[in-house]
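Heads up: numbering here begins at 1 and tracks the sequence. Counting starts at 1 for both ligands and their atoms, following the listed order.
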Amino acid sequence: MNLVVVSDPKLADEILHTKGVEFGSRRQNMVFDIFTDKGQDMVFSIYGDHWQKMRRVVTASFFTNKVVQQYREKWEEKMDLVVKDLYRDEKASVEGVVIRRRLLLMQYNILYRMMFDMRFESMEDPLLKQITQLKTERTMLGKSFQFNYGEFMPILKPFLRGYLERCRELQSRRLIFFNKYSIEKKIKALDRDKHNINCAIDHILEAKKNGEINEKNVKHIVENINVAGIETTLWSMEWAIVELVNHPNVQSKLRDEISNILERNPLTESDLDRLPYLQAVVKETLRLHTPIPLLLPHMNLEDAELNGYTIPKGPKVVVNAWWLPNNPAWWKKSEEFLPEQFLEEEGGTDDVRGGRVDFRYLPFGVGRRSCPGIILALPILGIVIGKLVMNFELCPPEGMEKINASERGGLFSLRITNHSTVAF
Ligand code: HEM
């Protein structure tokens, strides 16, 4: 297999921007062919009409400023419930709690409210338990050694029969599950009242009714959002919290900024623009702990030129989005957690939401295949981190000085090794 690794900002610009169409496909493999029904989804499909249609439908349903404004109060309510639960939990202030568990419930409630108008009472909710179980099974199969030799040596396919069968069986269970518990209910509700459009799936079903996409595409959109939207944001929350625990000076500077600007008012989405240090904390977290360090692999469908080389069609093209913002040649203190790096450079770097793009900093990618979820992830991260710091001093559990911030890799991800226990 030809592998192209890009670790230079100018070449990242070419791959993602100038030659974004040429390199805008994703590489297929036999396992992802099963998981995506041979490209019926959006995230792993090749660049072309199908992807464009899917991206249009998904963007209109989820990723616009109008949608953010429609839901931001709901997000804030769900975050206030996290704060309330932490105040109520006696263990939280001394022994500490594994904060990821509570944030996981919050993040599912945020996305499922937007997608299906649904909510889960607790992590013990049987439906949520099934969703997370199915997700874990898929992660395990995607990480399996058999996945790797299937991708690199398809000639060994006969030996993979059992593994591929498990992938097929799991995928079919996942799609049946999403259909039964969320999509079908919504179809029935729309049949009863076609004007009852109040969440993303209603818009997506409308696009299906208009013939823009088909039934399989609908299921795969739901599946894509489940895969792309939950864990990425959670890993970043975990990293931000751990870095704030391990850097009490940053934490108190952040608390001072929030209390000076907001005084005693609650933090809302509309305040984020007035809180540059909070934004810098989020950016610095994504710089030092890039959740998808190599982006998702890109691919050129036809032979292409890059930096004087001919890249034969069909390679795996990865942009090293971790190295670009961690290369000491371009960042003064690349190994430290130092949000000030973003304040000093303000105006020079992309403001992440738009503005001038700096190809040394690409946690969400850039260009056609960049992450559309940025419009949700950044405010969600900013508000939740801000609310926690406003209400609590985030500390290591009693008897510990720091929290272990070591990393481990997944199929596409870089996440914290242990889910941290934090005292509030
Ligand atoms: C793609 C990062 C949150 C939906 C991507 C890519 C990256 C990324 C690096 C691939 C870009 C490329 O290949 O060039 C992140 C990070 C997040 C986050 C760091 C949070 C901190 C979200 C959320 C959603 C989402 C909350 C949805 C609710 C997607 C989708 C794609 C994508 C649908 C595929 C786009 C395409 O192929 O056209 N994300 N993401 N992401 N992300 Fe995110």
Side-chain angles (χ1 to χ4, degrees), residues 6 12-13 15-17 19-21 23-27 32 36 39 41-48 50-64 67-68 71 75 103 106-108 110-116 200-201 204 217 220-240 282-283 285-299 316-322 324-325 352-353 357 359 361-382 384-385 410-415:
V6 171
D13 179 10
I15 295 269
L16 301 174
H17 178 223
K19 296 187 172 168
V21 172
F23 289 101
S25 287
R26 305 263 191 230
R27 214 173 158 276
F32 274 75
T36 66
D41 76 325
M42 174 183 132
V43 178
F44 296 102
S45 64
I46 56 170
Y47 186 84
H50 166 75
W51 171 81
Q52 275 172 339
K53 244 182 343 194
M54 294 283 271
R55 179 106 183 187
R56 204 169 37 240
V57 170
V58 171
T59 300
S61 315
F62 275 103
F63 306 123
T64 64
V67 175
V68 171
Y71 286 105
W75 303 348
L103 295 175
M106 178 197 84
Q107 185 64 8
Y108 268 107
I110 285 178
L111 271 195
Y112 271 62
R113 173 71 178 79
M114 296 176 72
M115 189 149 56
F116 299 120
I201 193 73
I204 293 165
N217 302 150
H220 280 284
I221 289 175
V222 171
E223 134 102 352
N224 277 177
I225 298 291
N226 268 278
V227 174
I230 303 277
E231 290 291 333
T232 43
T233 322
L234 267 175
W235 298 325
S236 308
M237 286 176 203
E238 280 188 284
W239 282 122
V282 171
K283 288 179 193 174
T285 303
L286 293 165
R287 180 191 72 79
L288 198 57
H289 304 290
T290 315
I292 320 268
L294 303 175
L295 309 183
L296 296 177
H298 284 235
M299 185 196 63
K316 188 171 193 169
V317 181
V318 296
V319 174
N320 195 340
W322 178 84
L324 294 170
V352 196
R353 268 195 228 223
V357 174
F359 283 86
Y361 180 66
L362 301 168
F364 295 92
V366 75
R368 290 166 179 79
R369 294 310 287 252
S370 67
C371 177
I374 186 173
I375 194 169
L376 313 181
L378 285 180
I380 289 173
L381 284 170
V384 77
I385 299 304
L411 180 56
F412 301 116
S413 63
L414 194 62
R415 52 186 105 165

Heavy-atom pair of closest approach, residues Thr285 and Ala240: CG2-N, 3.5 Å
Closest approach of any protein heavy atom to atom 21 (C) of ligand 1, naming residue and atom: Ser236 OG, 3.4 Å
N or O contact, Arg369 vs ligand 1, cut-off under 3.5 Å: yes
Pick from Phe23, Phe62, Tyr47, Phe63: the one approaching atom 27 (C) of ligand 1 most closely through a non-hydrogen atom: Phe63
Ser413 side chain to Pro291 backbone, donor-acceptor under 3.5 Å: no
Full working for side-chain contact (heavy atoms from CB on, under 4.5 Å) between Tyr361 and Leu286: CA-CA 9 Å; Tyr361 180 66; Leu286 293 165; 3.6 Å; yes
Which atom of Phe359 lies closest to which atom of His17, heavy atoms considered: CZ-CB, 3.9 Å
Atoms of ligand 1 close to His298 [distance to a heavy atom under 4.0 angstrom, numbered from 1]: 12 (C), 13 (O), 14 (O)
Heavy-atom closest pair, residues Val43 and Asn224: N-OD1, 3.0 Å
Atoms in ligand 1 with a heavy atom of Met42 nearer than 4.0 Å: 33 (C), 35 (C), 36 (C), 38 (O)
Reported CE-to-CZ distance for the pair Met42 and Arg55, which is rounded to 0.5 angstrom: 5.0 Å
Residue, atom name and distance, where the atom is the protein heavy atom closest to atom 34 (C) of ligand 1: Val43 CG2, 3.8 Å
Nearest-neighbour protein heavy atom for atom 35 (C) of ligand 1, which is reported as residue plus atom name and distance: Arg55 NH1, 3.4 Å
Smallest separation among heavy atoms of Gly24 and Tyr47, with atom names: O-CB, 3.3 Å
Nearest heavy-atom neighbours spanning Met115 and Asn226: CE-ND2, 3.9 Å
Shortest reach to atom 37 (O) of ligand 1 by a heavy atom, considering only Arg26, Met237, Gln52, His289: Arg26
Min heavy-atom dist Trp51 to ligand 1 below 4.0 Å: yes
Over 12 non-hydrogen atoms of neighbours within 6.0 angstrom of NE2 in His50: yes
Minimal non-hydrogen separation, Met237 against Ile380, with atom names: CE-CG2, 3.8 Å
Test of proximity, Thr233 against ligand 1: N or O pairs below 3.5 Å: no
Spatial distance of atom CD1 (Ile201) from atom CZ (Phe116) [nearest 0.5 Å]: 5.0 Å
Protein residue, atom and distance nearest to atom 2 (C) of ligand 1, heavy-atom basis: Pro363 O, 3.6 Å
2.8 Å cut-off (strict), protein N, O or S atoms about atom 43 (Fe) of ligand 1: 1
